[in-house]
Colleague: 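Encoded as structure tokens, here's the structure I'll be asking about.
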Amino acid sequence: MHFRYQAYKRYTTNRINALGVVTSFKNPANCVRNYAEQKGLILHRWPVTPEACEGYDLGVVVSFGHLIPEKIIKAFPSGMINVHASLLPRWRGAAPIIYAIMHGDKQTGVSIMKIEPKHFDVGDILAQREVAIRDDILMPELHTQLAQEGADLLVNTLQHFPNSVKTAVKQNNELATFAPKIIPSITKVNWTEIKAEQLYRRFRALFGFKHLNTRFQDKNVQLIDIQLPESQIIPAFLANKSCGAFLYDRHRRCLLVRCSGLTLIEVHQLRVEGKKAMTAVEFNNGFIKQSNSSSKELLFTSK
């Protein structure tokens, strides 16, 4: 579902007679364009004109990232529908999967909705399907699950399209939450404000997309692999230290970092500015032992 495309379908009952694909023609070619070329599908360059839509009954949009002009929506006799990776009206916007994990949702899903002009993700719901969110799931895995569920639900909706339109349900705007585009500041760790569980959720939500960032001795540090420890008992060494203080745990072979609310996070892999990614063991040998010999405080900071 991360593919940005717009597809037009001309169909009769339970059968698609023609399929055209609208996508960007920027180089290098995206996955949708490559697939369409391999399968000999008709390709249209975005933006398109209403004339290009003639002969097609329905427009389908999946993670396209552009507001569709009203004249394009109206060019299709059956309008346009969108496959959205959340249980609307929860998490309207560009990053629903990330926000669902980051906010600790126990379930999410996919929605098939009608596209309305001038607004994102507000149209009537034609179909929905729920998907559970495991406590340890990483964003790419959930992304793949939702992509498959969304594809299956889309096919089912198209097979029963007249009835799906007839039974469509309006969204309750009072229940709407929003998942805007991810901005760089969300990757910055403020140790004094974030608890370990919140930090772990953010790590899982951004995994494969962006790394969490902190600072150590005036250098940027990317947190590549972090985990929640089995025990949240604060070691005596960290009990009176500032948030962001850490030590090397020889038994777990990781860094234990103090977060807000007397909570702990484990750092197993990281990348220091100017260096290759390294394990906590390598960080201990290359940085912590050196810092101990120079009496420097072991502290991750926000700035």
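Since the structure is predicted, the reported quantities are computational estimates derived from the model, not experimental observations.
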Colleague: Examine R92 relative to F120 and say whether NZ or CZ is less than 6.0 Å from the centre of the six-membered ring and inside a 45° cone about the ring axis.
Modeller: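 No, cation not above the ring by the 6.0 Å, 45° rule.
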Colleague: Under 3.5 Å, is there a donor-acceptor pair between the side chain of S111 and the main chain of S86?
Modeller: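 Such a contact is found between S111 side chain and S86 backbone.
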Colleague: When you compare the side chains of N34 and Q38, does any donor N or O come within less than 3.5 Å of an acceptor on the partner?
Modeller: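 No.
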Colleague: Does K195, at its NZ atom, have more than 12 non-hydrogen atoms belonging to other residues, nucleotides or ligands within less than 6.0 Å?
Modeller: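 It does not: K195 NZ has 12 such atoms or fewer within range.
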Colleague: Could you walk me through whether I42 and L19 pass the side chain to side chain contact (heavy atoms under 4.5 Å, CB included) test, one step at a time?
Modeller: CA-CA 7 Å; I42 300 170; L19 174 66; over 6 Å; no
Colleague: Where do N284 and K289 land on the side chain to side chain contact (heavy atoms under 4.5 Å, CB included) test, with the steps shown first?
Modeller: CA-CA 6 Å; N284 176 56; K289 290 181 179 179; 3.8 Å; yes
Colleague: Could you check N156 against I112 for side chain to side chain contact (heavy atoms under 4.5 Å, CB included), going step by step and ending with a plain yes or no?
Modeller: CA-CA 10 Å; N156 183 266; I112 310 293; over 6 Å; no
Colleague: Give me the atom names and distance for the closest heavy-atom approach of F203 to I224.
Modeller: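 Nearest heavy atoms, F203 then I224: CE1-O, 3.2 Å.
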Colleague: Looking at L175, I'd like to know if its CG atom is crowded, meaning that more than 12 non-hydrogen atoms belonging to other residues, nucleotides or ligands lie closer than 6.0 Å.
Modeller: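 It does: L175 CG has more than 12 such atoms within range.
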Colleague: Could you point out which residue of N213, N220, D218 forms a side chain to side chain contact (heavy atoms under 4.5 Å, CB included) with E273?
Modeller: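 Exactly one option meets the side chain to side chain contact (heavy atoms under 4.5 Å, CB included) with E273, and it is N220.
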Colleague: Parallel, tilted or perpendicular: which describes the rings of F283 and F246, with under 30° parallel and over 60° perpendicular?
Modeller: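 Answer is tilted, since the angle falls between 30° and 60°.
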Colleague: Answer yes or no: does atom CZ of R134 have more than 12 heavy-atom neighbours from other residues, nucleotides or ligands under 6.0 Å?
Modeller: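 Above 12, so yes.
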Colleague: What's the spacing between E282 CD and K275 NZ if we round to 0.5 Å?
Modeller: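 Interatomic distance, E282 CD to K275 NZ, rounded to 0.5 Å: 12.0 Å.
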Colleague: Relative to each other, are the rings of F216 and F300 parallel, tilted or perpendicular (30° and 60° limits)?
Modeller: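 The arrangement is perpendicular - the two ring planes meet at more than 60°.
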Colleague: May I ask you to check whether Q171 and N173 show a side-chain donor-acceptor distance below 3.5 Å?
Modeller: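 Not at all, the side chains of Q171 and N173 share no donor-acceptor pair under 3.5 Å.
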Colleague: Any side-chain hydrogen bond (donor to acceptor under 3.5 Å, both in side chains) involving residues 234-248? Give me the pairs, sequence neighbours left out, ordered by first then second residue.
Modeller: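 For residues 234-248: none.
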Colleague: Using side chain to side chain contact (heavy atoms under 4.5 Å, CB included), reason through D249 and E266 one step at a time and then give a plain yes or no.
Modeller: CA-CA 9 Å; D249 186 317; E266 295 178 351; over 6 Å; no
Colleague: Share the residues that join L262 in a hydrophobic cluster, the rule being Ile, Leu, Val, Met, Phe, Trp or Tyr side chains under 4.5 Å apart at the heavy-atom level.
Modeller: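 L262 clusters with I234, F237, L238, L247, L256, L264.
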Colleague: Other members of the hydrophobic cluster containing M113, with the 4.5 Å side-chain heavy-atom rule, please.
Modeller: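 Members alongside M113: L88, I125.
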Colleague: Which atom pair, heavy atoms only, marks the closest approach of L58 to S78?
Modeller: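 Distance-wise, the nearest heavy atoms are CD1-O, 3.7 Å.
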Colleague: Give a yes or no on whether E51 atom CD has more than 12 heavy-atom contacts from other residues, nucleotides or ligands under 6.0 Å away.
Modeller: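 Enclosed: over 12 neighbouring heavy atoms sit under 6.0 Å from CD of E51.
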Colleague: Would you please classify the geometry between the Y99 ring and the W91 ring as parallel, tilted or perpendicular, with 30° and 60° separating the classes?
Modeller: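 Aromatic pair W91/Y99 classed tilted.
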Colleague: Grab the two heavy atoms, one from R33 and one from K26, that are nearest each other, plus how far apart they are.
Modeller: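 It is NH1-O, 3.8 Å.
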